[in-house]
Amino acid sequence: MSIFYSESDRIFHLFNEQISYIMTILPNGQLGQLYFGKKIHPQKDYSYLLEMVPRSMASYVFENERTLSLEHVRQEYGVYGSSDYRFPAVEILQKNGSRISDFRYKTHHIAAGKPALAGLPATYTEADSEAQTLTLVLEDPVTGVELKLYYTLFAQGGILARSAHFSNQGTEAVHLLKAMSLCMDLPDCDYDWIQFSGAWARERHPRVRHLEQGIQSVGSMRGHSSHEHNPFLILKRPAADEFQGEVLGFSLIYSGNFLAQAEVDTHSTTRVLLGINPEWFDWKLEPGESFQTPEAVMVYTNQGMNDLSQTFHRLYGRRLARGYWRDRERPILINNWEATYFDFTEEKILRLAETACKAGIELFVLDDGWFGKRLSDRAGLGDWRANPDRLPGGIDGLAEKIEKLGMKFGLWFEPEMVNKDSDLYREHPDWILSVPGRPQSQGRYQYVLDFSRPEVVDAVYQMMADILGSGKVSYVKWDMNRSITECWSAALPADRQGEVFHRYILGVYHLYEQLNTAFPQVLFESCASGGARFDPGLLYYAPQGWTSDDTDAIERLKIQYGTSYCYPVSSMGAHVSASPNHQVGRSTPLRTRANVACFGTFGYELDLNRLTSEELETVRRQTAFMKAWRSVLQFGTFYRLKSPFAGSTAAWMSVSQNQQTALVGWYRILNTPNPPYSRLKLAGLNPDFLYTVREGERILGKFYGDELMYAGLITTNGGSGEVLEGDGPGCDFDSRIYILERVQE
Ligand code: GLA
């Protein structure tokens with residue numbers, strides 16, 4: 001890994017074993033982009049990659065010189081209005097009404113390691129040898145605004161982390177109207193665009209289309225990253241697939257409004273922009289003030305989408321997620337939400353906990369309804385004190401009883417919200433986001449607290465810290481169940497209202513940071529009506545997130561498959577729930593529900609006391625299985641093998657770091673009569689290792705890694721496609737987990 005600057009050629013070349021990233025200082029002092037892709041020879045002059053051909057209708061930077069048109073050169077951080085007509089990375093409104101800026105190279109620094117981004121989640125290093133950071137310092141001579149562009153190149157993987165920092169060193173206030181984290185101009189447009197989209201209960205389904213001249217974009221304006229779109233984008237060559245070909249990934253470490261956009265211009269170059277959504281964004285910078293954008297991460301590989309995902313998994317699992325739980329196997333939990341909803345008493349909870357404990361479950365999570373007057377979703381949010389009618393001994397009393405059974409105790413919060421029927425709202429009606437004189441839209445009968453105000457965040461921290469302080473709560477599920485409306489803060493002047501959405505998210509991050517610091521061993525799981533805020537930003541504070549409110553195993557195949565393109569298995573909350581399922585009414589075998597959920601942070605979310613004794617015995621076997629294999633399942637190298645979006649079977653697998661063990665999940669969505677012979681080509685094994693392959697107690701035989709990867713594992717059903725033995729409703733929705741263990745020859 002190295003960052004190299006050639007003074008004579010005015011070229012920066014960042015490279016490691018996988019990638020090269022090359023920039024140049026353009027004749028007008030702005031920065032031009034030359035190359036991003038597989039590593040090419042470092043010490044060479046690549047200025048020829050800057051092509052400046054005179055073209056009809058172009059506007060040019062220099063008088064009487066038809067060479068430099070910003071529209072026709074690839075740029076590092078494009079501006080609009082001075083010969084570039086594409087959508088820009090930055091827009092700064094000045095006192096005279098102009099929005100044009102001209103950031104020219106001033107100097108640069110190269111340092112080992114990676115600096116932290118104050119107040120924002122970001123990737124990090126544990127040793128300086130893991131990365132190098134280039135800081136390019138640019139300045140706009142008219143406004144005096146200084147722009148720092150950060151590029152961190154990691155030693156391992158084709159990863160570049162980027163962000164921008166603005167500081168107003170001029171004499172007049174300016175307004176930052178657009179400040180993207182990343183602008184990436186690519187020399188052609190022969191890519192498939194893949195976005196990860198959906199809705200509540202069907203989050204992050206991959207959607208593919210070919211790039212065309214014009215703009216494609218996804219984003220959020222809901223105040224959270226959203227169920228609808230994820231701040232993640234893949235551009236892949238049309239012929240690339242899971243195992244080969246050029247693929248680029250762009251991910252934003254942010255939990256609020258975002259924009260991910262690709263613009264293909266008239267000469268087929270592609271500009272990717274990723275950052276805070278400029279819509280409704282207006283950040284005032286007084287002289288002396290500064291602004292840091294969130295971080296964006298770009299990954300390049302020429303080895304297909306599995307390699308891209310594994311690169312993100314390693315980075316986000318080990319160098320974005322932090323703290324005590326980062327590398328630890330995650331506890332098997334039971335959550336009472338789908339078991340009881342709001343209808344519970346302490347006695348009912350304890351009965352569930354007792355059964356759960358006997359079944360081998362390690363953590364009891366008390367979900368919504370334990371606090372204030374929260375008997376339904378119409379009251380109580382904001383009053384984070386136990387309801388003594390439900391929990392006579394308070395949280396500590398219940399937690400102690402649960403601990404006595406032999407389990408840890410966890411608790412649900414929704415810190416950012418308030419019901420009007422709550423003591424908090426009655427005391428502080430001005431603490432919600434709302435516009436004076438206008439109706440206040442509600443969602444799920446609740447309102448959004450103004451987290452842009454430090455005193456609001458502090459008050460919520462105090463209530464949460466009072467509960468967590470006794471040390472009885474070892475897990476927190478942090479929920480967020482509505483989108484933001486009437487985004488206006490009583491604490492900010494008119495010309496700073498465009499800051500509220502971002503200040504809100506900074507408030508969320510601040511509260512998480514305070515709680516992480518004060519309670520370092522508490523395991524946080526993020527949640528937002530399922531997966532509305534399943535983004536890299538929250539992974540920094542909460543190493544796992546509730547992937548979706550949809551707990552149906554078959555729907556979960558799609559959700560977890562789509563989520564895996566960016567996020568590691570260790571981040572995906574996945575539970576076994578009741579059959580018929582509460583979201584889609586589908587009946588699936590208990591084994592399939594567990595076989596899907598075990599590729600996640602595993603748990604149960606159903607009334608175990610309604611199961612038969614045989615089913616409880618199955619649960620006990622499942623928890624034992626999970627304890628035996630979760631290190632591989634949660635921290636192994638994950639491969640997508642067969643997509644649930646295509647065909648009637650799906651498969652994925654995890655391989656241990658030393659390739660000694662692997663677990664393969666095979667899922668039959670719909671049964672096929674008289675099915676074809678089927679083989680599943682495995683991946684990631686050592687070709688020369690001999691493995692025993694078994695499914696439960698059934699030994700299938702011994703096979704070399706190369707046989708399993710190149711000839712494939714036979715998964716053919718009986719000739720009529722009949723069901724395997726086992727529990728549950730048959731045929732459709734069946735599944736198997738194959739266990740591979742290396743044997744000495
Ligand atoms: C959201 C969450 C659920 C549950 C409920 C409680 O919908 O996604 O898991 O916690 O809130 O109200």
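Every number for a ligand or one of its atoms is a count from 1 in the order of the listing. Side-chain atoms are counted along with the backbone in the values below, which use heavy atoms only and exclude waters and symmetry mates.
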Next item on the list: Output yes when the distance from some N or O of ligand 1 to some N or O of Gly530 is under 3.5 Å, and no in every other case.
Entry: yes
Checklist line | Pair Ser489, Tyr504: side-chain N/O donor-acceptor within cut-off below 3.5 Å | finding: no
Notebook entry, point to check: Rounded to the nearest 0.5 Å, how far apart are CD1 of Ile484 and NE2 of His224?
Noted result: 7.5 Å
Notebook entry, point to check: Could you go step by step and tell me if Arg593 and Asn581 meet the side-chain hydrogen bond (donor to acceptor under 3.5 Å, both in side chains) rule?
Noted result: CA-CA 10 Å; Arg593 283 174 268 154; Asn581 172 266; over 6 Å; no
Next item on the list: Please round to the nearest 0.5 Å and tell me the distance separating atom OG of Ser654 and atom NE2 of His313.
Entry: 9.5 Å
Checklist line | Check: Asp367 main-chain N/O paired with Asn336 side-chain donor or acceptor under 3.5 Å | finding: yes
Check: Would you say Glu605 contacts ligand 1, with heavy atoms under 4.0 Å as the rule?
Finding: no
Notebook entry, point to check: To the nearest 0.1 Å, how far is atom 7 (O) of ligand 1 from its closest protein heavy atom, and which atom is that?
Noted result: Asp549 OD2, 3.0 Å
Check: Can you list the ligand 1 atoms lying under 4.0 Å from a non-hydrogen atom of Cys527?
Finding: 2 (C), 8 (O)
Notebook entry, point to check: To which of Val365, Asp368, Asp479, Asp550 does the heavy atom nearest atom 1 (C) of ligand 1 belong?
Noted result: Asp479
Next item on the list: Looking only at protein heavy atoms, identify the closest one to atom 5 (C) of ligand 1 and say how far it is in Å.
Entry: Trp337 CE2, 3.6 Å
Next item on the list: Assess Arg444 for proximity to ligand 1: is some non-hydrogen atom of it under 4.0 Å away?
Entry: yes
Notebook entry, point to check: Within 45° of the ring axis of Phe342 and under 6.0 Å from its six-membered ring centre, is that where the NZ or CZ of Arg374 lies?
Noted result: no
Notebook entry, point to check: Near Asn481, which atoms of ligand 1 are under 4.0 Å from a heavy atom of that residue?
Noted result: 1 (C), 7 (O), 11 (O)
Next item on the list: Note the single closest protein heavy atom to atom 4 (C) of ligand 1, along with its residue, its atom name and the distance in Å.
Entry: Asp367 OD1, 3.4 Å
Item checked: Side chain Gln583, main chain Asp549, donor-acceptor under 3.5 Å -> yes
Item checked: From CZ (Arg591) to CG (Asp734), nearest 0.5 Å -> 4.0 Å
Notebook entry, point to check: At a 4.0 Å threshold, what atoms of ligand 1 neighbour a non-hydrogen atom of Trp546?
Noted result: 8 (O), 9 (O)
Checklist line | Top protein contact for atom 9 (O) of ligand 1, by heavy-atom distance | finding: Lys477 NZ, 2.7 Å
